[in-house]
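Please read all numbers here as calculations on a predicted model, not as lab measurements. What's counted below: heavy atoms across the whole structure, side chains too, no hydrogens, waters or symmetry copies.
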Amino acid sequence: MRRLRRLAHLVLFCPFSKGLQGRLPGLRVKYVFLVWLGIFVGSWMVYVHYSSYAELCRGRVCQVVICDQYRKGIISGSICQDLCNLHKVEWRTCLSSVPGQQVYSGLWQGKEVTIKCGIEEGLDPKARSDPAPRQELVLFDKPTRGTSIKEFREMTLSFLKATLGDLPSLPALVGQVLLMADFNKDSRVSLAEAKSVWALLQRNEFLLLLSLQEEHASRLLGSCGDLYVTEGVPHGSWHGAALPPLLRTLLPPALHSALQRWLGPAWPWRAKVAIGLLEFVEELFHGAYGTFYMCETTLANVGYTAQYDFRMADLQQVAPEAAVRRFLQGRRCEHSRDCTYGRDCRAPCDKLMRQCKDDLIQPNLAKVCELLRDYLLPGAPADLRQELGKQLRTCTTLSGLASQVEAHHSLVLSHLKTLLWKEISNTKYS
């Protein structure tokens, strides 16, 4: 009986055991390959992230260049002493999205601040571990020695005309620039001060900070050369903006919306931020210093204060109308994508003439309303959602044709603001 049981056991289990033993070497090879592949992919991702970070985050290069120029007496500024000699400006988190524009959060005089500094193409990107200014690089070369204050005033006015257009309000802006150039408040503008404010004017965002109202942008606190410091980074309306730049592009649109719903502020606070954004659009169109276009319209650029007052987080992609028209004028094209300034300031292509037209396809308001559909409709009060959705749909169809812009856009914008204010007025959210 025992022999029969052993025989049955051998018949039933021996083929399985042999098959399993035969497959074990193949399974080991697969497991080893998968582990190796995981290590390789992980190492590659770490390398790419480090390379991207090292390329994007070169604040030390900025500081070395600025302080070298300051110690040579070439530049000046209200924070140069604290930045270069007293080391009272603390650089914290890197927020840069492009190598040429360094952005860091920081601390100065006990306040949370944002530090911004440009790195010219002439700087050697490989000089990261021990950065030093290149001797052949010409920085802060204007104005030259011997330039009178009258000549500098005319030089500034000519630059502003070329950048913003020939506007009657520009002399007032020139006066504001000269007043700011007197960093040490001694009622005279030195050559170092003139060089510094001229370099600052070449920075698009700095020029916009001067041109636009402070209530919609972070307040300027001080500068040194073309490095400047503003109020701390506003709270982001898009929480994906806190992710590394490489990961932001990988998030699908559905996840963007989900993050907004789960992590964003309560709907009434979002309505208050949206009203501020609409007022900002109004200012861009009816500003004292001309018309401006938003050429990268994303929620990552929409911020707010602790009181939920709107603040534009990044003005780099806001462009003067004169600059956009200069780009489009006489530009050859095959498709409308050939007529794109920045990321989304796009004009139609005249396929007969093969030249870009002057009017943009989508105005600021239409692009902002597309953002607000994702920002406001989720979680909106039930009795408001239908009307709000209808007005936002109407808004997104607005054309950039000059004949429509003035009256039609103002009417749509006014209706949207009124609708939102009615919902939150006489509450703690207003």
Side-chain angles (χ1 to χ4, degrees), residues 58-92 95-96 100-120 122-123 131-133 137-145 147 149 152-153 155-156 159-160 173-212 214 217-233 315-316:
R58 294 190 281 159
R60 177 161 161 72
V61 176
C62 245
Q63 188 171 2
V64 167
V65 172
I66 290 293
C67 291
D68 176 75
Q69 301 289 304
Y70 170 64
R71 293 185 183 111
K72 289 177 179 176
I74 295 172
I75 62 172
S76 181
S78 56
I79 66 165
C80 289
Q81 183 77 353
D82 284 356
L83 177 71
C84 301
N85 295 341
L86 303 178
H87 305 290
K88 289 184 177 180
V89 179
E90 182 182 337
W91 298 63
R92 289 187 169 177
L95 305 172
S96 308
Q101 180 67 24
Q102 294 297 293
V103 183
Y104 279 76
S105 65
L107 193 67
W108 180 53
Q109 296 183 342
K111 300 175 185 174
E112 295 283 341
V113 297
T114 303
I115 306 165
K116 300 191 177 185
C117 175
I119 292 185
E120 304 294 340
L123 287 175
L137 184 66
V138 180
L139 287 174
F140 312 107
D141 57 339
K142 290 180 181 179
T144 56
R145 188 173 297 279
T147 303
I149 191 66
F152 183 59
R153 182 188 294 272
M155 175 178 164
T156 304
F159 170 77
L160 293 176
L173 186 57
V174 172
Q176 189 180 339
V177 169
L178 292 178
L179 189 64
M180 186 188 171
D182 183 16
F183 297 117
N184 58 8
K185 307 304 176 189
D186 62 353
S187 300
R188 55 183 293 273
V189 178
S190 67
L191 181 62
E193 288 173 333
K195 284 179 180 287
S196 298
V197 80
W198 181 260
L200 283 168
L201 286 174
Q202 313 311 306
R203 303 292 175 200
N204 183 61
E205 185 177 43
F206 178 83
L207 183 56
L208 287 164
L209 287 173
L210 289 182
S211 305
L212 300 174
E214 285 186 352
S218 298
R219 190 163 57 93
L220 186 67
L221 300 178
S223 63
C224 181
D226 67 342
L227 177 149
Y228 57 98
V229 172
T230 65
E231 288 177 320
V233 178
L315 289 170
Q316 283 297 320

Once you round to the nearest 0.5 Å, how far does [atom1] of [X] lie from [atom2] of [Y]?
X: Gln69; Y: Asp226; atom1: CD; atom2: CG; result: 9.5 Å
X: Ser223; Y: Leu83; atom1: OG; atom2: CG; result: 10.5 Å
X: Ile115; Y: Leu227; atom1: CD1; atom2: CG; result: 7.0 Å
X: Leu200; Y: Lys116; atom1: CG; atom2: NZ; result: 13.0 Å
X: Ile75; Y: Phe140; atom1: CD1; atom2: CZ; result: 4.5 Å
X: Leu221; Y: Ser78; atom1: CG; atom2: OG; result: 9.0 Å

Notebook entry, point to check: Sequence neighbours excluded, which residues qualify as side-chain hydrogen bond (donor to acceptor under 3.5 Å, both in side chains) partners of Trp91?
Noted result: Gln63
Distance-minimising heavy-atom pair for [X] and [Y]:
X: Val197; Y: Ala181; answer: CG1-CB, 3.7 Å
X: Ser218; Y: Leu209; answer: O-CD2, 3.4 Å
X: Ile79; Y: Gly222; answer: CG2-CA, 3.9 Å

Margin query: Taking the side chain as everything from C-beta on, heavy atoms only, tell me whether Leu210 gets closer than 4.5 Å to Gln176.
Written below: yes
Next item on the list: Enumerate the residue pairs fulfilling salt bridge (Lys or Arg N to Asp or Glu O under 4.0 Å) with a member in residues 175-187, sequence neighbours excluded, ordered by first and then second residue.
Entry: Asp186-Arg188
Item checked: Residue pair Leu207, Leu160: steps toward the side chain to side chain contact (heavy atoms under 4.5 Å, CB included) verdict -> CA-CA 9 Å; Leu207 183 56; Leu160 293 176; 3.6 Å; yes
Next item on the list: Mark yes or no for whether Thr114, through its side chain, and Glu231, through its backbone, hold a donor-acceptor pair below 3.5 Å.
Entry: yes
Checklist line | Side chain Gln102, main chain Cys117, donor-acceptor under 3.5 Å | finding: no
Could you work out, with side chain to side chain contact (heavy atoms under 4.5 Å, CB included) as the rule, every residue matching [X], not counting sequence neighbours?
X: Glu90; answer: Arg92, Leu107
X: Lys88; answer: Asp82, Leu86
X: Cys84; answer: Cys67, Tyr70, Arg71
X: Leu191; answer: Pro143, Arg145, Lys195

Would you please name every residue forming a ring pair (Phe, Tyr, Trp, His ring centres under 6.0 Å) with [X], sequence neighbours left out?
X: Phe183; answer: none
X: Trp108; answer: none
X: Phe206; answer: Tyr228

Note to self: List the residues meeting salt bridge (charged side-chain N to carboxylate O under 4.0 Å, His left out) with Glu193, not counting sequence neighbours, and say none if there are none.
What the structure shows: none
